[in-house]
Structure formats: C-alpha cells, structure tokens
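Just below is one structure, and these are the notes that go with it.
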There are 2 protein chains.
Amino acid sequence: MNIGKAAKLSNLTIKTVRYYANIGLVKPEQNISSGYREYTDEEVAKLKFIGKARKFDFSIDECKELLSLYEDKNRTSKEVKKITLEKISQIDSKLNDLKDLRNELSFLASNCHGDDKPNCPILDELSKN
Amino acid sequence: MNIGKAAKLSNLTIKTVRYYANIGLVKPEQNISSGYREYTDEEVAKLKFIGKARKFDFSIDECKELLSLYEDKNRTSKEVKKITLEKISQIDSKLNDLKDLRNELSFLASNCHGDDKPNCPILDELSKN
DNA sequence: CTTTACTCTACCCTGAGGGGAAAGTATATA
DNA sequence: TATATACTTTCCCCTCAGGGTAGAGTAAAG
C-alpha cells in the first residue's frame, strides 16, 4: 500500500511516516518507476508499535531499541523491562521537578493579592538577589 | 562591564546572554570601536530576573512579558498573578499527563517477569491493535 | 483528455540555546 | 615594545521530532 494508507492505518501523519523512513526506522521498498514507497502489513504493524511507544514517551532512539527487541524472537523480557524501568525513573524525576516548581509558584501566587495595586510579591521574588 | 562578567554575575552562560541580546530581550550598548557589549548593573539585574523566571519554567515570551511588567511601575499585581496562575495550570496538566503515563508503564512493568524468557507483556501491549 | 488525488524531493521553521571556527580586541608579562 | 594569553565578535551548523510549503511527477476517476 502507499504511504497515505499506511499513515491512516497506523494513525500517524504522512510526514511522520516519511520521517521514519528517512531515518531508517521503518524503511519500505520504493517502487522503481514511480518512486512511491510501498508498505507491507508488517511495516504498518511496526509503525503502530512505534506510535504506541512514542505515546509512552519513548524517544525515537528508545523506539529503535524496543523495535529491535520486538523483532528479535530470542530477546529476553529482562531487556525490555530494564528499558521500561529506566523510562519510569526518568518520568519520576521529571514529576518531582514539576511538583517542586508547582509548589514554589503556588506559594508565590497565594501571597500575591492580585488586585489593582502595583505591589507584587511574585515580581519581588524574581527580582531578589 | 563586558559580557563575561555579566554572565558570571547573572549565573548564565555567555551564549545565553548573547542570545538574549540578539532577540532583544536584554540589549546592552555596544562599544563603537571594539564592538564589545557593555552591560550596566541594571541589565545584569534583568538577566538575573530572567534566569529566575526561566527556572520557574516560564518561556522566553513569558519572560518578556514579565520583564515588561517588572519595568512598568504602574502595572497591577493582578496582571502578574494571572500569568502565574496560567503557568501553574499548565504545570498541572503536564503533571496529570505524566502521572497517567507513569501508571500505565508501571502496570506494564509489574506484569513483566523480567527474566530470561522471551515472553514479554510490555512488547505485547505495544504490538496490540 | 482532463481533473482530482496522491506522492516525491528539497528547503526552511520550530525553542532555547550549544559548539566551534576565524578574526579582532584587551590586558598581562617578558 | 613585542608577544602571549584571555576575552569578545560574527557566522554557521546542530539539537528533537517532525510541520509547512513549493514545485514537479504519478495514479486513478470521470
């Protein structure tokens, strides 16, 4: 099938699918005379796989790794779990940073009257040495 | 003072300070004969202000807005609080997304034995239609 | 045969700078 | 004074994961 159908079936944009072909992530055959990319069902399955992994916040490089594990029938579940646990700990540290940030900002906001006077503890904090 | 000292005092890199000059965020005078940027204490204060705001996850555009409020002695605290509350709600929605993601991933990981066998619920989930 | 739909490559754009080259300027030392 | 070292300048390419558009070619439908 052509790229439009492959994109539709995998719920990705054509741009994204073409990008994955260019970086060698999912590289379909190209029709010699027309130059059109021709996707197989298996390649569409890989595109779907990548789409899901991307939603789980895996980077393209991590997707590449997961994809090669997915294709390797002899891989161990240990390898996959390791990548997943690393991703979870990345998410945890981002969560902590964001929580700290939220606390500081909401502390500032709660101290600010938010009225028509110029006095503003938020700007005061940002101006502090 | 020159850019090196300004960068040091504001805890920013020279690249960053130069970038802020280029985009017109903090634009110092430039010595005509040498071409060197010459920073005043007030400009360094602005750089510090921006550095803090950036740590609070404000974008460059938001910093620009905050900076103009900071410079406007007639601004109301209402305006500043509004921006801050918007930022907090942005952070909240990012927090929710990340929490959902974490839950799904940790559910997958907990169902994966992580042993030397190829069977892996994580890849199964990613391959699902 | 023409219109419409689809696809191709090639180029520039995003945010917030980082890295490095080549050249000019300022300061410290011999 | 000459040189060595430190500092600064502009310019260009790079990041990440594609998005947008242009111009041209191809396929399918009427």
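A, B, ... follow the sequence lines: proteins, then strands. Residue 1 opens every chain.
- Contact annotation: B/Gln30 reaches the phosphate of D/dT10 (side-chain N/O to OP1 or OP2, under 4.0 Å).
- Projected onto DNA chain D by closest heavy-atom contact, A/Phe58 and A/Arg18 fall at different nucleotides, the more 5' of which corresponds to A/Phe58.
- With rounding to whole Å, B/Met1 atom CE is found 19 Å from C/dT27 atom C1'.
- One atom, NZ of B/Lys55, and another, P of C/dA16, lie 17 Å apart when rounded to the nearest Å.
- No side-chain N or O of A/Asp115 forms a donor-acceptor pair with one of B/Thr76 less than 3.5 Å apart.
- Atom NZ of B/Lys15 and atom P of D/dT9 are 11 Å apart (whole Å).
- Atom CD1 of A/Ile14 is separated from atom C1' of C/dA10 by 17 Å (rounded to the nearest Å).
- At D/dT9, one or more side-chain N or O atoms of B/Arg37 fall inside 4.0 Å of OP1 or OP2 (strictly under the cut-off).
- With distances taken from any side-chain atom of A/Ser59 to the nucleotides D/dG20, D/dA17, D/dT9, the minimum falls on D/dA17.
- One finds a side-chain N or O of B/Arg54 lying less than 4.0 angstrom from the OP1 or OP2 phosphate oxygen of C/dG17.
- OP1 or OP2 of D/dA17 has not a single side-chain nitrogen or oxygen of A/Tyr20 nearer than 4.0 Å.
- When distances are taken from the side chain of B/Ile60 to each of D/dT9, D/dT21, C/dG17, the shortest belongs to C/dG17.
- Put simply, OH on B/Tyr19 is 17 Å from C1' on D/dC11, counting in whole angstrom units.
- Here D/dC16 presents its C1' atom at 15 Å from CG of A/Asn22, a figure rounded to the nearest Å.
- A 4.5 Å side-chain heavy-atom check between B/Arg75 and A/Leu123 finds at least one atom pair inside the cut-off.
- Figure legend: A/Lys55 and A/Phe58 shown without cation-pi pairing, the cationic atom not lying both under 6.0 angstrom from the six-membered ring centre and within 45 degrees of its axis.
- The shortest distance between the side-chain N/O atoms of A/Thr16 and the OP1/OP2 oxygens of D/dG19 is below 4.0 Å.
- Rounded to an integer number of Å, the gap from A/Asn31 CG to D/dG25 P is 17 Å.
- Among D/dT10, C/dT7, C/dG17, the nucleotide with an atom closest to any side-chain atom of A/Asn2 is C/dT7.
- Separating the NZ atom of A/Lys5 from the P atom of D/dA27 is a distance of 17 Å, rounded to the nearest angstrom.
- Counting only distance, with no hydrogens or angles, the side chain of A/Lys46 and the backbone of A/Val26 share no donor-acceptor pair below 3.5 Å.
- Taking every side-chain heavy atom of B/Ser34 into account, C/dT25 is the closest of C/dT25, D/dG19, C/dG20.
- Comparing C/dC8, D/dT8, D/dG19 by their nearest atom to the side chain of B/Ile3 picks out D/dT8.
- At distances below 3.5 Å, at least one donor-acceptor pair connects side-chain atoms of B/Lys87 with backbone N or O atoms of B/Asp57.
- Contact annotation: side chain of B/Tyr36 to base of C/dT25, donor-acceptor pair present below 3.5 Å.
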